[in-house]
> 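Here it is, the structure in full.
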Amino acid sequence: MKTLHCSLHYSASALLLACISVSAQASEWNAVVSTAPQAGEFATISQALAAAPDSGTPWRILVKEGRWNERLVIEKPVTLVGQSREQTQIEANTPAGALGSDGQKLGTGRTSTVEVRASGVTIENLTIRNSFDFPANAALADGDAKKLKDTQAVALMVSENVDKARFRHVRLEGYQDTFYSKSGSRSYFTDCEVSGHVDFIFGPGIAVFDRCKIIARNRNDIAPPYGYITAPATQADEKFGLLIINSKLSKEAGVPAKSFALGRPWHPTTQFSDGRYADPNAIGLAAFINCEIDDHIYGWDKMSGKDKAGEKIWFYPEDSRFYEFDNRGPGAGQGGAKYQLSKADAAQYNLAAIFSGWDKAVLE
């Protein structure tokens, strides 16, 4: 059984990149996407996805280097591989406050650059970015009609009940709400990078980031706190949530000490039979295990919601399932002993348990 207690080894990223480079030359692909397509190649990623079969033989798509301004909805069990993580870039500028084709604000759930709706999707060796310019928007005067209030902008969303979502050597870039893990989903990231500031790894689903770099972005529009790494909304009966293991929590230049929280509890506003209010059953679970944590972390924080009467209420980290174990660095353990797991409790968060039913090959 693979457990969470292994050493950091970022050389795996370089090894994976080398393997993909060789694979791009030697292996056969079901589809190739290029900015200058040759015979049989596709001009857009969307076209290659549309050509994939609904099921059956695995469909492998190579995306050559280029900047792809596309919004993708992946509804088939494909494998999408970039030629270069740095030079194969998928991006869209879609903040929550922008208007959709229906004339309504997009809202967070409709902002994703890439949305995974099918189980069994693998994405490797590329960058997914929501290119909404949060700093430029924040710099606009408060009375400027162009300034958006709703600045959530998702790069990657794994939709409801999606399983076996696998990400290797992927970079996710955004500011607020970079990665959205929706209810009933399970996704596994290895040797990836995720950047953002406000709640940039969030949702009720299960997501594990293993040997990853979690990068807190700088900002100058407010005084600290600048943001929150996670905002889980895990249902109370769910054993697992958002887990960052064997990883490094770092920061951009200029980010001051004690300016970010490891997480805060998100209780999504939900329609119930007796009204619309913050979900009391969303007892978020976030755990940081065997991580190297820089000095920008000050511990955990609270988050507000609305009660049945529409009044603001607060949800506190001590009432959530927020955990640390075996971390190191100046930002480790800042929340105090009450958030520390015992060795026995930490051992329950192993990949075999979290991803029960997955083939071993999917986890490798």
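Remember, predicted model here, so these are calculated numbers, not experimental data. Below, each value reflects all heavy atoms present in this structure, side chains not excepted, and no hydrogens, waters or symmetry copies. The first residue of the sequence shown is numbered 1, and numbering continues consecutively from there.
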> Inspect the contact between D191 and R168 and indicate whether a charged nitrogen and a carboxylate oxygen are less than 4.0 angstrom apart.
no
> Could you grab the distance from atom NZ of K76 to atom OG of S119, nearest 0.5 Å is fine?
15.5 Å
> Are E115 and S159 close enough that a side-chain donor and a side-chain acceptor fall under 3.5 Å?
yes
> Considering non-hydrogen atoms only, spot the tightest contact between N30 and P58 and give its length.
OD1-O, 3.3 Å
> Starting from the C-alpha separation in whole Å, work towards a yes-or-no answer on side-chain contact (heavy atoms from CB on, under 4.5 Å) for I201 and I214.
CA-CA 9 Å; I201 299 173; I214 312 299; 4.1 Å; yes
> For F322, does its backbone N or O pair with a side-chain atom of S320 as donor and acceptor, under 3.5 Å?
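Answer holds: no.
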> When hydrophobic residues are tied together by side-chain contacts of less than 4.5 Å, even through go-betweens, does F288 share a cluster with L172?
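Cluster IDs for F288 and L172 match.
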> Closest approach of H169 and N125, non-hydrogen atoms and distance?
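Nearest pair, atom of H169 first, then N125: ND1-OD1, 2.8 Å.
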> Under the side-chain hydrogen bond (donor to acceptor under 3.5 Å, both in side chains) rule, collect the residues that match up with R67, sequence neighbours excluded.
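Result, side-chain hydrogen bond (donor to acceptor under 3.5 Å, both in side chains) vs R67: E91.
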> Same cluster or not: W68 versus M157, using hydrophobic residues (I, L, V, M, F, W, Y) connected whenever any side-chain heavy atoms lie under 4.5 Å apart?
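Different hydrophobic clusters.
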> Return yes if some donor-acceptor pair links the side-chain N/O of Q89 with the main-chain N/O of R85 below 3.5 Å, else return no.
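Checking the backbone N and O of R85 against the side chain of Q89, no donor-acceptor pair under 3.5 Å is found.
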> What's the spacing between D133 CG and N137 CG if we round to 0.5 Å?
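Result: 8.0 Å between the selected atoms.
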> Where do Y323 and D345 land on the side-chain contact (heavy atoms from CB on, under 4.5 Å) test, with the steps shown first?
CA-CA 10 Å; Y323 305 129; D345 286 338; over 6 Å; no
> Do Q152 and D199 have side-chain atoms, one donor and one acceptor, less than 3.5 Å apart?
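Result is no, nothing qualifies.
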> Give me each pair satisfying salt bridge (Lys or Arg N to Asp or Glu O under 4.0 Å) with a member in residues 265-278, each pair once, sequence neighbours excluded.
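Qualifying pairs, neighbours excluded: D274-K308.
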> Does the distance from a Lys or Arg side-chain N to an Asp or Glu carboxylate O, for R166 and E124, drop under 4.0 Å?
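Here R166 does not pair with E124 in a salt bridge, since their nearest N and O are not under 4.0 Å apart.
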> If you apply the rule ring-ring contact (aromatic ring centres under 6.0 Å, His included), what do you find for F134 with H197, and how did you get there?
CA-CA 10 Å; F134 187 105; H197 49 46; 4.5 Å; yes
> Where do P204 and Y180 come nearest, in terms of heavy atoms and distance?
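Nearest pair, atom of P204 first, then Y180: CD-CE2, 4.2 Å.
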> Could you measure the distance from the CG atom of L242 to the CD1 atom of I229? Nearest 0.5 Å is fine.
12.0 Å
> Which value, rounded to the nearest 0.5 Å, describes the distance between Q334 atom CD and I293 atom CD1?
9.0 Å
> Please determine whether side-chain contact (heavy atoms from CB on, under 4.5 Å) holds for the pair K343 and D326, giving the CA-CA distance in whole Å, both sets of side-chain angles, and the decisive distance to 0.1 Å.
CA-CA 9 Å; K343 186 174 182 179; D326 202 27; over 6 Å; no
> Just say parallel, tilted or perpendicular for the rings of F260 and H296, cut-offs at 30° and 60°.
perpendicular
> Could you please spell out the steps behind the salt bridge (Lys or Arg N to Asp or Glu O under 4.0 Å) verdict for D150 and K105?
CA-CA 9 Å; D150 302 312; K105 288 183 179 181; 3.0 Å; yes
> Under a single-linkage definition using a 4.5 Å side-chain heavy-atom cutoff for Ile, Leu, Val, Met, Phe, Trp and Tyr, are I128 and F202 assigned to the same hydrophobic cluster?
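As far as the 4.5 Å side-chain criterion goes, F202 and I128 are not connected within one cluster.
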> Go through V63 and V81 one step at a time and tell me if the side-chain contact (heavy atoms from CB on, under 4.5 Å) criterion holds.
CA-CA 6 Å; V63 184; V81 181; over 6 Å; no
> Tell me whether T230 contacts the main-chain N or O of L262 through its side chain, where contact means a donor paired with an acceptor under 3.5 Å.
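Pair found, side chain donor or acceptor close to backbone of L262.
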> Keeping the roles fixed (side chain from N327, backbone from C291), state whether a donor-acceptor pair exists under 3.5 Å.
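It does hold such a pair.
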> Keeping the roles fixed (side chain from R321, backbone from A286), state whether a donor-acceptor pair exists under 3.5 Å.
no
> Could you tell me whether the side chain of E252 and the main chain of N218 form a donor-acceptor pair under 3.5 Å?
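A pair under 3.5 Å: yes.
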> Apply salt bridge (Lys or Arg N to Asp or Glu O under 4.0 Å) to residues D295 and K251 and explain how you reach the verdict.
CA-CA 9 Å; D295 68 356; K251 61 181 184 177; 2.6 Å; yes
> Just how far is it from atom CD1 of I206 to atom CG of D163, taken to the nearest 0.5 Å?
8.5 Å
> Do the charged groups of R110 and D102 touch, with an N to O distance under 4.0 Å?
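Salt bridge between R110 and D102, a charged N being under 4.0 Å from a carboxylate O: yes.
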> Is it possible for you to say whether I244 and V158 belong to one hydrophobic cluster, with membership spreading through side-chain heavy-atom contacts below 4.5 Å?
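Both belong to a single hydrophobic cluster.
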> So, Q87 versus K64: side-chain donor-acceptor pair below 3.5 Å or not?
no
> Quick one: closest heavy-atom pair of R219 and Y226, and the distance?
NH1-O, 2.7 Å
> Measure the spacing between CD of E173 and CG of L156 and express it to the nearest 0.5 Å.
13.0 Å
> Looking only at side chains, do T151 and Q176 share a donor and an acceptor under 3.5 Å apart?
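Result is yes, a qualifying pair exists.
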> Quick check: does any side chain N or O of H267 sit under 3.5 Å from a backbone N or O of A282, one acting as donor and the other as acceptor?
yes
> Taking all non-hydrogen atoms of both residues, which atom of G196 and which atom of T178 are closest, and how far apart?
CA-OG1, 3.9 Å
> Is it true that S183 and E160 share a donor-acceptor pair across their side chains at a distance under 3.5 Å?
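Their side chains do not contain a donor-acceptor pair, so the 3.5 Å distance test is not met.
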> Should the pair D294-K248 be classified as a salt bridge under the 4.0 Å nitrogen-to-oxygen rule?
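Judged by the 4.0 Å cut-off on N to carboxylate O distance, D294 and K248 do not form a salt bridge.
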> Between Y175 and R217, is there a cation-pi geometry (under 6.0 Å to ring centre, at most 45° from the normal)?
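Checked: cation-pi criterion met.
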> Would you say L351 ends up clustered with F325 if hydrophobic residues are merged whenever their side chains have heavy atoms under 4.5 Å apart, either directly or through other cluster members?
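Yes, one cluster joins them.
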> What are the two closest heavy atoms between P95 and A153, and how far apart are they?
CA-CB, 4.2 Å
> Is there a donor-acceptor pair closer than 3.5 Å between any side-chain N or O of R264 and the backbone N or O of Y228?
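Looks like no, no N/O pair under 3.5 Å.
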> Rest of the hydrophobic cluster containing I215 (Ile/Leu/Val/Met/Phe/Trp/Tyr, side-chain heavy atoms under 4.5 Å)?
none
> Do E70 and S46 pass the side chain to side chain donor-acceptor pair (under 3.5 Å) test, and can you show the C-alpha distance, the side-chain angles, and the key distance before you say yes or no?
CA-CA 8 Å; E70 297 188 57; S46 298; 2.7 Å; yes
> With respect to F209, which candidate in F167, Y188, F179 satisfies the ring-ring contact (aromatic ring centres under 6.0 Å, His included) definition?
F179
> Would you find a donor on one side and an acceptor on the other, under 3.5 Å apart, between the side chain of S185 and the backbone of V162?
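Here the side-chain-to-backbone pair does not exist.
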> Within the distance-only criterion (no hydrogens, no angle test), does the side chain of T94 pair as donor or acceptor with the backbone N or O of T111 below 3.5 angstrom?
yes
